[in-house]
Amino acid sequence: ACFLKDLPRLLSPLLAMECPLDVASRLGFASPDHEGPCAGRAERALVNELGDVLDALSTRSEAARELKTRYVDNSLPSIQSTEDTIYLLAEGSDLLGFARVAVRHIMAVPPGAEAGQKSGGYAAFGGSLQKISPCALLDFYIVGVLQRRGLGRLLFDAVLKGEGVLHPAKLAYCHPSEPAVAFLKKHFGLITSKIVSSYMLFDAYFEEASAPSAAQAVVPAVALLKPSGSASKLAEGEKSEEKQACCDAVCDPLEPYRKDEEEFFSQRTKLYCFHEGEWQDAGAGAVTLLRGTATGRVRLAFVQEAGNRVIANHFLVNRPGYCDLQQHTAGNDKTWTWTAQERVMERKFALKFKSSDDAATFKEVFDTAKRVSAEKEAVDYVVVHKVGVTAESHMNSRHLKLISIGTHVKVTDVLYLAEEKRVRAQLVNPPGWITILSHNSADAASYAVMLSDIQCYTESIKGQ
């Protein structure tokens, strides 16, 4: 316990600003079912309580945007000295970021009036000026190590919702940084803009208020898979009538495995194998899951009815790129595809079920078996420095949650990312990835160590 208590003092700065109160619950996310980061508008009383913390974050943002240099000072006044609206991004008592919003009065020239200024001189320029009062995003900051993990979009959407803004083009942006401009281009396709009195305005701001067009509408990103020629074969198979189950086989092809493995799931379905660039129909049969009585490893086997032979046979593994069930096409909730390592070959399979319920049941059992199978081979680690869990192995994948010091986690896989100079580990629960060791200057630290190493360390101390 003393080892875990003292070690953080030797490590790098915290990922987030830890506050003396539960910020997430004050934002209205006190439900026990809620887990992970949340974003919302902060009441003035909460802003006053967090005044020093917010000013510290504001100073970080100011440095990142280089607002204050040797020759110019564009820094904003202290948050505590203004009535600006504040939005917070938090997870429990950890403050991950904030946004600062206020109405500003600006004199600007609409895009269509700029052409007449060239021939009309200053008089034309003065006549074209309009006084506008946009909702301005004065500051927007995510803690450095947690940037590019989807948290910025979560906070930005909270701002849009809280201010009742239909589209980001209707906001003005105060001294936007290059990453902020890239963010608006990536998520909302905003490109054409102008700088007016230190504020960036998009041409769409001057358009008449109306329902956003299909190109402008803010919608969540959804990955759609385009149906290919091979997909049509699956569709045709679904329309065709199911073949009647053949007579009971004289012998069981899975008999050799049943001596050391127990069957815990079996379902009639139809298998497709991806071969030479297309899906090939392997016929109807039964997909069966068996668990090793000694090892706990889970095997998936598909027995074809027509030939009474095993077509698919592999273990479930919890590694990126393998045994990850995906819909074959968008909206198709009866068919699952995945990639597996079968002996020395990498193969791709698809199972088509009779109903959506059957497919959903298989996915639930499959994912649970994969996780439990991984737990059997997992290594126990202890978190020694607060660390964020991401959805994928790379650092810039979606943020899921923070894990506190002293938490025990089970690690199933470890990768070294040379370019990022970090050692990443895959967790069983919560499912995701964390950094266990970093020698990157941005966050150099040890974040988790093997439980056995801690036990050896404490035993050595006792022996002294």
Side-chain angles (χ1 to χ4, degrees), residues 33-36 219-246 254 262-275 278-291 298-307 310-340 342 347-374 391-392 398 400 428-432:
D33 298 331
H34 180 80
E35 188 178 45
V219 296
V222 179
L224 299 177
L225 299 178
K226 296 182 179 179
S228 60
S230 59
S232 62
K233 291 193 175 184
L234 292 178
E236 292 173 2
E238 188 172 3
K239 295 179 181 178
S240 63
E241 298 181 358
E242 287 188 296
K243 297 179 180 179
Q244 295 294 326
C246 60
L254 300 181
E262 295 180 350
E263 176 185 323
F264 64 94
F265 178 85
S266 184
Q267 175 71 48
R268 188 172 187 273
T269 180
K270 196 169 187 179
L271 177 71
Y272 292 81
C273 302
F274 195 77
H275 183 63
E278 64 177 2
W279 289 104
Q280 297 183 0
D281 189 347
V287 59
T288 303
L289 297 179
L290 305 101
R291 180 180 290 111
V298 177
R299 179 193 305 276
L300 180 146
F302 179 88
V303 178
Q304 185 189 60
E305 290 179 355
V310 178
I311 304 297
N313 181 11
H314 66 82
F315 287 108
L316 301 192
V317 296
N318 198 17
R319 296 202 307 269
Y322 294 97
C323 298
D324 184 17
L325 297 183
Q326 301 288 335
Q327 289 184 352
H328 181 260
T329 54
N332 184 349
D333 56 0
K334 297 181 181 179
T335 304
W336 297 113
T337 68
W338 74 98
T339 302
E342 190 177 65
R347 301 184 63 188
K348 192 173 183 179
F349 301 103
L351 284 178
K352 176 176 292 184
F353 293 86
K354 184 177 181 180
S355 66
S356 302
D357 291 340
D358 288 346
T361 300
F362 171 75
K363 178 173 173 58
E364 181 179 356
V365 175
F366 184 98
D367 289 344
T368 301
K370 183 176 68 171
R371 184 175 65 253
V372 172
S373 181
E392 305 293 340
R398 181 170 55 90
L400 299 178
V428 173
N429 189 29

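The analysis underlying the following values was restricted to heavy atoms, covering all of them including side chains, and did not include hydrogens, waters or symmetry mates.
Between F362 and F265, the ring planes lie tilted relative to each other; the angle falls in the 30° to 60° range.
Shown here for L400 and G432, the closest heavy-atom pair between the two residues is CD1-CA, 4.4 Å. What you find for Q304 and A282 is that their closest heavy atoms are NE2-O, 2.7 Å. Between K370 and C323 the shortest heavy-atom distance is NZ-O, 2.8 Å.
D281 has a carboxylate O that lies under 4.0 Å from a charged side-chain N of K270, or vice versa, which qualifies the two as a salt bridge.
The OG1 atom of T269 lies 4.0 Å from the CZ atom of F353; values are rounded to the nearest 0.5 Å. Taking CG of D358 as the start and CG of D333 as the end, the distance is 11.0 Å to the nearest 0.5 Å. Here the straight-line distance linking atom OG1 of T368 with atom CG of L289 works out to 10.5 Å at 0.5 Å rounding. Atom CD1 in I311 sits 9.5 Å away from atom CZ in F349 (nearest 0.5 Å). Taken from CG in L254 to CG in N313, the straight-line distance is 8.0 Å, to the nearest 0.5 Å.
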For W279 and T337, run side chain to side chain contact (heavy atoms under 4.5 Å, CB included): C-alpha distance rounded to whole Å, both residues' side-chain angles, the deciding distance at 0.1 Å, then the answer.
-> CA-CA 11 Å; W279 289 104; T337 68; 4.0 Å; yes
Report the C-alpha distance between Y272 and H328 in whole Å, list the side-chain angles of each, state the deciding distance to 0.1 Å, and finish with yes or no for side chain to side chain contact (heavy atoms under 4.5 Å, CB included).
-> CA-CA 11 Å; Y272 292 81; H328 181 260; over 6 Å; no
Between F366 and V298, does a side chain to side chain contact (heavy atoms under 4.5 Å, CB included) hold up when you go through it step by step?
-> CA-CA 9 Å; F366 184 98; V298 177; over 6 Å; no
Candidate pair F274 and T339, rule side chain to side chain contact (heavy atoms under 4.5 Å, CB included), full reasoning = CA-CA 10 Å; F274 195 77; T339 302; over 6 Å; no
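More than 12 heavy atoms of other residues, nucleotides or ligands sit less than 6.0 Å from atom CD of E342. In the displayed structure, R347 atom CZ is contacted under 6.0 Å by more than 12 heavy atoms of other residues, nucleotides or ligands.
The shortest side-chain heavy-atom distance between Q267 and T361 does not fall under the 4.5 Å cut-off. Side-chain contact check for E305 versus R268: some heavy-atom pair is nearer than 4.5 Å. Annotation: side chain of W336 is not in contact with side chain of Q326 (no heavy-atom distance under 4.5 Å). Considering only heavy atoms from C-beta on, H314 comes within 4.5 Å of W338 through its side chain.
With E263 contributing its side chain and T288 its backbone, the two residues share no donor-acceptor pair below 3.5 Å.
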